[in-house]
Number of protein chains: 2
Amino acid sequence: MTVGIRHDDLRRRNRAMVISAVRRGGQTSRTGIAAITGLSHSTISSISSDLIAEGILAEARNEPLALKRGRPQVGLTLEPKAAVVMTVVLSLNFLAATLLDYAGEIVAEEQRRLDTRAMPRKQLIDECVAIVRRRLDDRKREGRRVLRIVLAIQGITDAPARAMLWSPITPHTDIAFADILEREFSVPVTVENDCNMMAVALRWRDPERYKDDFIAILLSHGIGMGLVLKGELFTGTHSSGGEFGHMIHRPDGALCRCGRRGCIEAYAGNYAIWRNARMMGEDDEPVDDIDEADMRTLAQVARERDGPERQAYRKAGEALGFGLGSLFALIDPAPVAMVGASTAAFDLIEPALREAIAKTAGGHHSTSISFDTEPDQMALLRDGCAMRALTFIDNDIFASGNPAQMELAAGHEMA
Amino acid sequence: MTVGIRHDDLRRRNRAMVISAVRRGGQTSRTGIAAITGLSHSTISSISSDLIAEGILAEARNEPLALKRGRPQVGLTLEPKAAVVMTVVLSLNFLAATLLDYAGEIVAEEQRRLDTRAMPRKQLIDECVAIVRRRLDDRKREGRRVLRIVLAIQGITDAPARAMLWSPITPHTDIAFADILEREFSVPVTVENDCNMMAVALRWRDPERYKDDFIAILLSHGIGMGLVLKGELFTGTHSSGGEFGHMIHRPDGALCRCGRRGCIEAYAGNYAIWRNARMMGEDDEPVDDIDEADMRTLAQVARERDGPERQAYRKAGEALGFGLGSLFALIDPAPVAMVGASTAAFDLIEPALREAIAKTAGGHHSTSISFDTEPDQMALLRDGCAMRALTFIDNDIFASGNPAQMELAAGHEMA
DNA sequence: GCTCTTTTTTTCGAGCCTCGAAAAAAGTGT
DNA sequence: ACACTTTTTTCGAGGCTCGAAAAAAAGAGC
């Protein structure tokens, strides 16, 4: 049973609402916030003066919001110096860390290539710890306390966002990154699934198109998905869930990277398209990594002539289409964003995809389903992590005007 | 953006919490409620004395709750006379209406057989209106106002629970039952999917087993599903969703009742099992209805010898297993309840089901997934509707001590 | 340049709500 | 009968939001 609502919860929630309104709206006046939240002007006035005094919001005295009669609106903005967050992205052979201020501006960045698949467990962990340490020591941080680290991992994470359970980028499993980094740096950490963070980013980037319900599908070596339903990120009950790529397309079908058979990924992942285009057997062990240039060449050949290459893309489209059809049977159709470098070949995939989806129960209005493509997954990923970290600070730290918490945030060095 | 929290919301939520604690706990003391909700004793005292004065709760003076030292606890119960709700169940060739008091006890019942499939649209509607009118006129109602009607329909309903969009029980589509009944009787109505109501009922009936995440699958002429995730009934974005039976098992496979091909239902529904057992073609038009006795005979034959009958059940198990595997890839494994008369043959289905699920990504620990069977779907359905209606009254009418609402509830005759 | 009008923001008192402490109530044990 | 224990109610304090009114900060008009 949910716990009863106390009096102080009330203030906390309304503070959170004010912060959220400013984060969404950019520069927003008190009157605007009152309109959005439905709270009275007096309440907004009281809360915002508190937040300004606490150094969370700031008044943007420079540019007036509107040129009309009457007292001009004073825009409220997020105070960049209020906090700093760090995002860490761990993908196949790639590690990146970014430091951002409270307003979401990038303060410092670092990217590295490394051979994640060959690394021993300890070295993989140490690389992550090291990159975090270097960015924490970055002088551009200017002593502002890092209040949150969000680590996005390609693979499955656990439901409390504490650990990586399984990942295609390493043979090792069950790495409790959150515990490890928290022990090391005394900053709260969460570990998130990469596709989920992409979905979060899409929502912030284009709230018109990606409103309350949409699907982000990553077309890459493997197939991933981030799902937002009713305004909430959809996750599994025990894990990050949403493993669209491992729904079954054909029972006992092609061999998947996960060791099982017939998964959607075993038809639509880069390795599967490659395998089919090269007319290898469906039982052949998936190759480890395919150069992006090779995939581009493959797509070009498929565009030029009707051969096994074009067939391979057709099979990918078919798998994705039937998979989406099954998904739509569960959740109803929703806008779809195709993310990743392989979306460059989406023109080869789409016809078969639409054909397949039209054969399914969820495909009722298959022509009206929109597919957008977004090739740059890394930028999306970083933005998603940043918003995840910042909204955590908004809701769980700054919303409760708890003096102890605030002091921590203001502290110039960490424990 | 969610609207800000006002002061009166606070009381309303805490009132709802008190009512909910009593509905769950049966006879509960004020102290117990304070412990469950985390609210202070003074708050509980104040709220419960209000609720008693308003005739929503009552003190159960008869039996003491515990035999220990100190002032004995006074049990609070739901006041049965506070309201009355009606449930209406519309299934294939069957219509039932039940009147229940605020404590959930049945006041009056009526069941009818009718040929839903052959009925014109108007007649189907009229039958529903008529059964509601008869039960509203029932003298056992004793003038207590009916505050809610919940209509459960086998088929797809829309997300706001206002209309039936499609159903296998009738060729007619898009019937706005909620509007029709509300116009007729001036009582709020919702239209719910039958399997969703079964899931609701399971949760109330056995909260230990069916906690926050579980799946109810209806094995019947068709295949339906009710899904509870994170304590919430899972629905689609536009419709009741969760059409597990129409996820794709085999692309371009067997002909389904819905007109498409390869749906799970086209292998696991009674008509599919029948079709396979009789060695008819997978393209053969599904039969309309199969006698329950015939299905029992079929199962008996399948148990006795290894022939097409047993194979048919194997295929059903396989379809359900791969389907659950795909579902588990999205939501992670959860307890499953198999509901309906056809669960009598679950012993024939289970081996192939477990075999299939073990081949999928979600089937990691396939042996640990529990399958319960619950043959009596009608009782479950009625209970689910009743709880749906009653909790609506709890949360949306009685929780807000709105005098206007309360007066309506107390009124002895309807508008 | 001054006053009037308009719009935004702050101030102030009223009304609720929850909480903790203390008091009252209603039994059991001896 | 009296002491003890546990539940429930009462009461005053402290917070929060709200509406109304006041204050602030411009543009418009002359």
Side-chain angles (χ1 to χ4, degrees), chain A residues 3-18 21-22 27-53 57-76 399-403, chain B residues 3-18 21-22 27-53 57-76 399-403:
Chain A
V3 86
I5 301 191
R6 317 266 280 279
H7 222 153
D8 34 333
D9 292 328
L10 205 148
R11 203 31 177 319
R12 205 185 60 237
R13 291 192 193 207
N14 288 341
R15 278 169 63 106
M17 207 149 291
V18 170
V22 176
Q27 197 157 316
T28 320
S29 75
R30 292 167 175 80
T31 314
I33 297 170
I36 291 171
T37 59
L39 296 168
S40 73
H41 287 195
S42 24
T43 302
I44 300 300
S45 178
S46 155
I47 289 176
S48 51
S49 80
D50 283 1
L51 291 174
I52 290 169
L57 297 186
E59 292 192 333
R61 280 254 161 247
N62 37 2
E63 24 184 332
L65 280 170
L67 296 145
K68 42 179 186 174
R69 273 180 90 147
R71 177 172 172 174
Q73 302 188 342
V74 180
L76 295 177
S400 67
N402 186 326
Chain B
V3 85
I5 301 192
R6 318 265 281 280
H7 221 152
D8 33 334
D9 292 328
L10 206 148
R11 202 31 176 319
R12 204 186 59 236
R13 291 192 194 207
N14 287 342
R15 280 169 62 106
M17 206 149 293
V18 171
V22 175
Q27 198 156 318
T28 320
S29 74
R30 291 165 174 82
T31 312
I33 297 170
I36 290 170
T37 59
L39 296 167
S40 73
H41 287 194
S42 23
T43 303
I44 300 300
S45 178
S46 155
I47 290 176
S48 50
S49 80
D50 283 0
L51 291 173
I52 291 170
L57 297 186
E59 292 192 335
R61 280 254 161 248
N62 37 1
E63 24 185 331
L65 280 170
L67 295 144
K68 42 180 184 173
R69 274 182 87 145
R71 177 171 171 174
Q73 301 188 343
V74 180
L76 294 177
S400 67
N402 186 325

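Side chains are part of it too, since the values below use all heavy atoms of this structure and drop only hydrogens, waters and symmetry mates. Predicted model only: the values in this text are computed from it and were never measured. Quick note on labels: first sequence line is chain A, next is B, and so on, each numbered from 1.
Among C/dT10, C/dC19, D/dT8, the nucleotide with an atom closest to any side-chain atom of B/L39 is C/dC19. When distances are taken from the side chain of B/S45 to each of D/dT9, C/dC17, C/dT9, the shortest belongs to D/dT9. Closest to the A/P72 side chain, of the nucleotides D/dC18, D/dA25, D/dC16, is D/dA25.
In this structure, A/T43 reaches the D/dC18 phosphate: one of its side-chain N or O atoms is under 4.0 Å from OP1 or OP2. When the side-chain nitrogen and oxygen atoms of B/R13 are compared with OP1 and OP2 of C/dC17, none of them lie within a distance under 4.0 Å.
Atom CG in A/L51 sits roughly 15 Å away from atom P in C/dT9 (whole-Å rounding). D/dT17 atom P lies 14 Å from atom CD1 of A/I33, rounded to whole Å. Rounded to a whole Å, the CG atom of B/L76 is 11 Å from the C1' atom of D/dT8. Atom CG of A/N14 is separated from atom P of C/dC16 by 19 Å (rounded to the nearest Å). Between the CD atom of B/Q73 and the P atom of D/dT5 there is a distance of 17 Å, rounded to whole Å. Put simply, CZ on A/R11 is 16 Å from C1' on C/dT18, counting in whole angstrom units. One interatomic measurement links the two molecules: CG of A/L10 to C1' of C/dC19, which rounds to 15 Å at whole-angstrom precision. Taking atom CG on A/D9 and atom P on D/dT17, their separation rounds to 12 Å, with Å as the unit.
Comparing A/S48 and A/G70 by the nucleotide of DNA chain C whose heavy atom lies nearest to each, the residue mapping closer to the 5' end is A/G70. Map A/R69 and A/I44 each onto its nearest nucleotide of DNA chain D; the residue landing nearer the 5' end is A/I44. Residues B/H41 and A/I47 each lie close to DNA chain D; by heavy-atom proximity, the contact nearer the 5' end of the strand is made by B/H41.
Judged by distance alone, with hydrogens and angles left aside, the side-chain atoms of A/T37 form a donor-acceptor pair with the main-chain N or O of A/I33 at under 3.5 Å. Between the side chain of A/S48 and the backbone N or O of A/I44, at least one donor-acceptor pair lies under 3.5 Å.
Across all their heavy atoms, B/Q27 and B/G75 have their closest contact at CG-CA, 3.7 Å.
Using a 4.0 Å heavy-atom distance criterion, B/T31 is classed as a sugar-phosphate-only contact.
Applying the 3.5 Å distance criterion, the base of D/dT6 shares no donor-acceptor pair with the side chain of B/R71.
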### Query
Going through the checks in order, is the side chain to side chain contact (heavy atoms under 4.5 Å, CB included) test met by A/T43 and A/V18?
CA-CA 10 Å; A/T43 302; A/V18 170; over 6 Å; no
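Side-chain contact of A/S46 with A/R11: a donor-acceptor pair under 3.5 Å is present, judged by distance alone.
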